[in-house]
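Down below is the structure, laid out as structure tokens.
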Protein chains: 2
Amino acid sequence: MVQKRSPPPPRARPEAALLKSAKPQPAKPSPAAGAVPPKRRGRPRAYEPDVALSRALDVFWKDGFAATSLDDLSAATGMNRPSLYGAFGDKRELYKKTYESYRNRARARMGEAFAADLPLRPMLLRIYGIALDMYLSGEGGPRGCFTVMTATSEAVFDPDIRALVVSGLVEMDRFFARLFKIAQERGELPATADPQVLANLASATIHTIAIRARAQIPRAELEALVNGAVAVMAQG
Amino acid sequence: MVQKRSPPPPRARPEAALLKSAKPQPAKPSPAAGAVPPKRRGRPRAYEPDVALSRALDVFWKDGFAATSLDDLSAATGMNRPSLYGAFGDKRELYKKTYESYRNRARARMGEAFAADLPLRPMLLRIYGIALDMYLSGEGGPRGCFTVMTATSEAVFDPDIRALVVSGLVEMDRFFARLFKIAQERGELPATADPQVLANLASATIHTIAIRARAQIPRAELEALVNGAVAVMAQG
DNA sequence: GCTTATTTATACGAAGCGGTACATAAATCA
DNA sequence: TGATTTATGTACCGCTTCGTATAAATAAGC
């Protein structure tokens with residue numbers, strides 16, 4: 001293909017954002033935490049947006065952007081086509097939203113590991129364990145890393161999506177760099193070690209296990225690879 | 001998608017292989033090197049198979065399996081649809097053949113570097129230079145590594161293609177392992193170094209620059225990453 | 001010349017694609 | 001109750017998809 005069509009105007013619903021800025025404040029005193037059901041006006045939704053997005057993610061993650069049809073997404077989410085479109089925009093828009101939800105999920109899990117505040121070596125092993133859990137999950141076989149999938153899919157021709165991918169790569173590098181820097185300050189790494197270089201190697205290890213997982217290399221083999229890589233990165 | 005159709009019988013042309021084994025030997029004394037034009041019977045081809053395959057590779061490499069249409073392939077090769085089908089089989093078959101030609105090309109280039117028989121560090125730098133040349137090439141922007149593309153495309157649901165990918169990954173690991181082993185025997189690496197572990201790290205570095213290249217990270221940045229990785233792998 | 005072998009060229013067909021128009025259903029508001 | 005608002009369900013649109021049937025073109029063999 002030679003860049004078939006440019007993304008058409010997504011036609012987002014009004015969302016009343018403009019109206020809100022017109023009125024100084026709506027009548028209700030203050031919704032405090034927005035967790036209460038806001039008593040919407042028309043027919044209620046038959047789906048939960050978060051759940052639907054997660055189901056859509058499953059399909060995109062398994063098959064990639066181009067090989068996933070709206071029928072597939074419709075079947076996975078239980079929403080029919082017009083509802084899908086109304087809720088998330090067109091296929092590209094939906095893809096971006098699923099990718100963002102993936103990133104949020106991954107960030108949350110990595111954040112938990114980071115908060116555990118372990119020494120370098122067990123910390124790295126825990127992080128790679130989480131990554132392997134993600135990359136090997138999926139009913140239709142292991143799916144790898146969605147960032148890698150996105151980087152290699154035709155969706156990367158969309159500048160928005162490419163920007164998301166780049167930010168994902170950078171975020172991963174920074175995460176590992178922080179880790180190595182802390183370890184170095186604690187004396188777990190020699191002063192000569194370069195946290196940035198080690199972070200790139202750590203990201204590279206993430207990428208290689210994502211690719212190998214997708215090729216259905218068994219977990220034991222990936223764990224052996226990780227153990228070796230960690231031994232080099234947390235040298236000593 | 002949920003595995004739409006299984007690959008239909010490719011309907012390979014007879015190729016006279018069976019007939020050959022029936023006759024002990026054809027009448028002509030012996031074709032020696034097969035480089036002479038074999039004087040085929042019907043209308044001559046308007047294409048050169050190798051060139052056409054290379055053009056098809058360009059398209060698949062850029063867009064991936066699912067996003068590439070037969071029309072795209074037809075336009076790129078200059079062959080019309082029935083000729084394409086007659087020469088290479090259906091889309092999957094053609095994809096496999098392009099992937100094999102890619103592997104051959106990559107193997108040849110890496111083989112040249114290997115034959116140069118340099119010390120470890122310049123050898124690694126040369127290899128990564130070749131990889132960067134490949135991954136950053138392409139008229140429509142950098143294309144990354146075709147093995148990674150294939151591993152993440154839906155083509156991985158085809159067992160044949162998955163087997164090709166696995167063999168590609170293994171080949172890369174073995175190539176690097178041989179390199180590190182030789183270096184260790186020459187005393188360029190400490191005896192405690194594990195060539196297999198270093199090889200996996202070297203492959204991981206290949207994979208990470210392939211992904212980043214596809215996300216259009218500039219070459220200078222990728223070279224900096226490579227320099228850092230090589231410094232760690234060829235430690236000292 | 002005529003027959004046979006092989007390739008190209010045109011054009012078709014059934015299925016799938018992304019997206020949307022339109023009517024219907026289910027809720028709130030007056 | 002009836003008007004309004006929102007979401008759903010059906011059915012369709014024009015286009016693209018992969019693959020192939022069929023006829024024309026170009027070669028060798030006789």
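Order of the sequence lines fixes the chain letters, A, B, ..., with proteins taken first and strands second; residue numbering starts at 1 for each chain. Small disclaimer: the values here were computed from a predicted structure and weren't measured.
Distance, B:Arg92 CZ to D:dT17 P: 17 Å, rounded to whole Å. Atom pair B:Lys91:NZ and C:dG16:C1' shows a separation of 13 Å (rounding to whole Å applied). Summarising the geometry, the separation between CG on B:Leu70 and C1' on C:dT10 is reported as 16 Å, rounded to the nearest angstrom. In this entry the distance linking CG of A:Asp71 with P of C:dG19 reads 12 Å, nearest Å. The interatomic distance linking B:Leu73 (CG) with D:dT17 (P) rounds to 11 Å, in whole Å. Atom CE of B:Met79 is separated from atom P of C:dT6 by 16 Å (rounded to the nearest Å). Summarising the geometry, the separation between OH on A:Tyr47 and P on D:dT6 is reported as 13 Å, rounded to the nearest angstrom. The CG-P distance, from B:Leu84 to C:dT6, rounds to 20 Å in whole Å.
A:Arg43 has no side-chain polar atom (N or O) that falls below the 4.0 Å cut-off from OP1 or OP2 of D:dT8. In this structure, A:Asn80 does not reach the D:dT8 phosphate: none of its side-chain N or O atoms is under 4.0 Å from OP1 or OP2. Contact annotation: A:Arg40 reaches the phosphate of D:dA7 (side-chain N/O to OP1 or OP2, under 4.0 Å). Put simply, B:Ser83 has a side-chain N or O that comes within less than 4.0 Å of OP1 or OP2 on C:dT8. Look at A:Ser69 and you won't find any side-chain N or O under 4.0 angstrom from OP1 or OP2 of C:dG16. For B:Tyr85, a side-chain nitrogen or oxygen approaches OP1 or OP2 of D:dT20 to under 4.0 Å.
Aromatic rings of B:Phe157 and B:Phe65 (six-membered ring for Trp) have centroids beyond the 6.0 Å cut-off, not under it. A distance below 6.0 Å separates the ring centres of A:Tyr95 and A:Phe146.
Distances from the side chain of A:Arg45 to the nucleotides C:dC17, D:dT8, D:dG19 place D:dT8 closest.
A:Arg41 contributes no side-chain N or O that forms a donor-acceptor pair with the base of D:dT5 under 3.5 Å. Scanning atom types as modelled, one donor and one acceptor separated by under 3.5 angstrom connect the side chain of A:Arg81 and the base of C:dG18.
Checking B:Asn80 against B:Ser83 by side-chain atom types alone, a donor-acceptor pair falls below 3.5 Å. For the residue pair A:Ser203 / A:Asp173, a side-chain donor-acceptor distance below 3.5 Å is found, with atom types taken as modelled.
Checking B:Gly42 against A:Pro44, the closest nucleotide of DNA chain C that is more toward the 5' end is the one next to B:Gly42.
A search for ring-ring contact (aromatic ring centres under 6.0 Å, His included) contacts involving B:Tyr135 returns nothing, not counting sequence neighbours.
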